Amino acid sequence: MSDELEQHTGEVEPEVEEQDPQVEARRAAAMSFVRRLGDPVLKSRATPVDTFDHALRAQVARMGGLMNDALGVGLAAPQIGISQRLLVYRVGQDAPLIALVNPAIEWSSDEEEIFEEGCLSIPGITVDVERPIHVRVLAQDETGAERRIEASGLEARVIQHELDHLDGVLILDRTTKEQRKAAMRALREAEEQRQAA
């Protein structure tokens, strides 16, 4: 997921008129590692993590760096081509980076809300997605210790969005048929313009 406004969640493209050239260069470099719509890894269920070692901790740090440079608030391992049940997120600039390994939703509220979400793997596209407002997630951290998180609002939405990636589900799978068609049309038009340039 990428930053935009607090009301927009997911990996939403930031709306910045004049981006700092260094920030933009780091973002472009980070985005070159992110798999895009159409890559089979994005539609596959990721495999559980069973080894908690230095390599996993290094992977968490790398994902956190890529997420930050891409101006995201969340990133799942499949988005960088790794079929592992691992995600990282940070909700708020000064918040700590949180890694969830082998996460599962234990409970979600009946109360749901619709908000616009975007995705680093589908740049430039936002769609309305309905999700539970509150969730409780059981996972492990990067050392293998149990981690239980009760989240609401933006944090709950980010976790659910990234957890979807671990199951091969994209935001286009969670929106209306009309929004999906409009998003696919916008993607085709953007690709045609890019090729014509």
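The chain is numbered in sequence order, starting from 1. Hydrogens, waters and symmetry mates are skipped; everything else that's a heavy atom, side chains included, is used. Keep in mind that what you see is a predicted model, and the values were worked out from it rather than measured.
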query: Ignoring hydrogens and geometry, is there a side-chain-to-backbone donor-acceptor pair from Glu155 to Val91 under 3.5 Å?
result: no
Donor-acceptor list for residues 66-75 side chains, cut-off 3.5 Å, not counting sequence neighbours:
unit_1	atom_1	unit_2	atom_2	d
Asn68	OD1	Arg90	NH1	2.7
Asn68	ND2	Gly64	O	3.3

task: Tell me whether Leu163 is reachable from Val169 by hopping between hydrophobic residues (I, L, V, M, F, W, Y) whose side-chain heavy atoms are closer than 4.5 Å.
output: no
query: Name the one of Val127, Ile171, Thr126 that satisfies side chain to side chain contact (heavy atoms under 4.5 Å, CB included) with Glu116?
result: Thr126
message: Within the 4.5 Å heavy-atom criterion, are Ser121 and Leu37 side-chain neighbours or not?
response: no
Review item, side-chain donor-acceptor pairs of residues 95-107, under 3.5 Å, at least two apart:
unit_1	atom_1	unit_2	atom_2	d
Asn102	OD1	Val49	N	2.8
Asn102	ND2	Val49	O	2.8
Asn102	ND2	Gln140	OE1	3.0
Glu106	OE1	Arg136	NE	3.1
Glu106	OE1	Arg148	NE	2.9
Glu106	OE2	Arg148	NH2	2.9

- line: Nearest heavy-atom approach of Ala77 to Met63 is N-CE, 3.4 Å
message: With rounding to the nearest 0.5 angstrom, report the CG to CD1 distance, Asp164 to Ile159.
response: 12.5 Å
Heavy-atom check, side chain of Glu111 versus side chain of His134, under 4.5 Å: yes
query: If you count the non-hydrogen atoms of other residues, nucleotides and ligands that lie under 6.0 Å from CD in Gln93, is the total more than 12?
result: no
Nearest-0.5 Å distance that lies between atom CG in Leu166 and atom CG in Leu86: 8.0 Å
field: Set of side chain to side chain contact (heavy atoms under 4.5 Å, CB included) partners for Arg35, sequence neighbours left out
entry: Asp39, Val41, Leu42
query: Take atom CD in Glu191; do more than 12 heavy atoms of anything else shown fall under 6.0 Å from it?
result: yes
- prompt: Taking all non-hydrogen atoms of both residues, which atom of Arg27 and which atom of Leu120 are closest, and how far apart?
  reply: NH2-CD2, 4.4 Å
query: Does a side-chain heavy-atom distance below 4.5 Å link Arg174 with Gln179?
result: no
- request: For the residue pair Leu87 and His165, establish whether any side-chain heavy-atom pair is separated by less than 4.5 Å.
  value: no
field: Distance-only donor-acceptor check, side chains Asp53 and Thr51, under 3.5 Å
entry: no
query: Looking at side-chain heavy atoms only, is the closest gap between Arg57 and Val60 below 4.5 Å?
result: no
- line: Residues passing the side-chain hydrogen bond (donor to acceptor under 3.5 Å, both in side chains) test with Arg45, sequence neighbours excluded, are Asp167
query: Is Glu117 salt-bridged to Arg131, cutoff N-O under 4.0 Å?
result: yes
statement: Note: Val129 and Arg157 closest approach over all heavy atoms is O-NH1, 2.9 Å
Salt bridge (Lys or Arg N to Asp or Glu O under 4.0 Å) involving Asp128 - partner list, sequence neighbours excluded: none
message: Looking at every heavy atom in both Phe52 and Asp141, which two are closest together, and how far apart are they?
response: CE2-O, 3.5 Å
- prompt: Between Lys43 and Asp173, is there a side-chain N and carboxylate O pair less than 4.0 Å apart?
  reply: yes
message: Give me the atom names and distance for the closest heavy-atom approach of Ser44 to Pro40.
response: OG-O, 3.0 Å
- request: Taking all heavy atoms of Gly118 and all of His161, pick out the closest pair and write down the distance.
  value: O-CE1, 3.3 Å
Got a list of side-chain donor-acceptor pairs under 3.5 Å for residues 180-190, not counting sequence neighbours?
unit_1	atom_1	unit_2	atom_2	d
Arg180	NH1	Leu172	O	2.6
Arg180	NH1	Thr175	O	3.3

- prompt: Is there a path of hydrophobic side-chain contacts, each under 4.5 Å between heavy atoms of I, L, V, M, F, W or Y residues, that connects Leu138 with Val158?
  reply: no
message: I'd like to check Val88 versus Glu142 (side-chain heavy atoms, cut-off strictly below 4.5 Å). Are they in contact?
response: no
